[in-house]
Amino acid sequence: HSNMMTRCNKNNTSYKNYNGRGIMVCDEWENFIVFKDWALRHGYVSNLQIDRIDNDGNYEPSNCRFVDKNTQMQNTRRLRKTNTSGLRGVSLKVSSGRWVSQIAHNGKKKHLGYFDYPWTAAYAYDSHVINNNLNHTRNFCDNIYAI
């Protein structure tokens, strides 16, 4: 509770990634007892962390769940520092000059294919996330598939 509240505080160094993007804690959760009751009814145990289902949404009952650290890391805006493609699950195989798409889920990597263009590799990643109902953050917004 305190971390969630602190992240959205204007004086916190993480402010720009939370309240600075419009993400707030709902009024009812300002009261710790109310939050604690909700958390215990919705699966909180000490090895889990609160996670916003919609990474751009608020901390509120309809948008939060408790997940392990690995699941939470799949639902993030940030890419790894080692990511050179700028796309999730996409890397360049230098020896062939082709783009590789892969995904990690439940501690295992899955190869999704080789592609001529980075955006087609990203599309394969996003399609896998959608088709398998995974909670991973996608490369493109939902609307791109309607085109």
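Values reported hereafter were calculated over all heavy atoms of this structure, with side chains retained and with hydrogens, waters and symmetry mates removed. The chain is numbered in sequence order, starting from 1.
- Every residue two or more places apart in sequence or in another chain that forms a ring pair (Phe, Tyr, Trp, His ring centres under 6.0 Å) with Phe35 is listed here: His1, Trp29.
- The two atoms that bring Val90 and Ala122 nearest to each other are CG2-N, 3.5 Å, heavy atoms only.
- If you chain together ILVMFWY residues whose side-chain heavy atoms come under 4.5 Å of each other, Tyr114 ends up grouped with Val100.
- At most 12 heavy atoms of other shown residues, nucleotides or ligands fall within 6.0 angstrom of atom CG in Asp27.
- When the side-chain contact (heavy atoms from CB on, under 4.5 Å) test is applied to Asn63, the partners found at least two apart in sequence or on another chain are Arg52, Ile53, Asp54, Glu60.
- Applying the salt bridge (charged side-chain N to carboxylate O under 4.0 Å, His left out) definition to pairs two or more places apart or across chains, none involves residues 28-45.
- Phe66 places none of its side-chain heavy atoms less than 4.5 Å from the side chain of Asp51.
- Interatomic distance, NE2 of His42 versus CD1 of Ile50, reported as 11.0 Å (0.5 Å rounding).
- For Asp126 against Asn139, the heavy-atom pair with the smallest separation is OD1-N, 2.8 Å.
- The side-chain hydrogen bond (donor to acceptor under 3.5 Å, both in side chains) test applied to Asn132 returns His128, not counting sequence neighbours.
- Considering all non-hydrogen atoms of both residues, Gly89 and Tyr125 come closest at CA-CD1, 3.7 Å.
- Alongside Val67, the hydrophobic cluster contains no other residue (criterion: ILVMFWY side chains under 4.5 Å).
- The side-chain contact (heavy atoms from CB on, under 4.5 Å) test applied to Val94 returns no partner, not counting sequence neighbours.
- Residues passing the side-chain hydrogen bond (donor to acceptor under 3.5 Å, both in side chains) test with Trp119: none are found, sequence neighbours excluded.
- Residue pairs meeting the side chain to side chain donor-acceptor pair (under 3.5 Å) criterion with at least one member in residues 91-104, sequence neighbours excluded: Arg98-Asp116.
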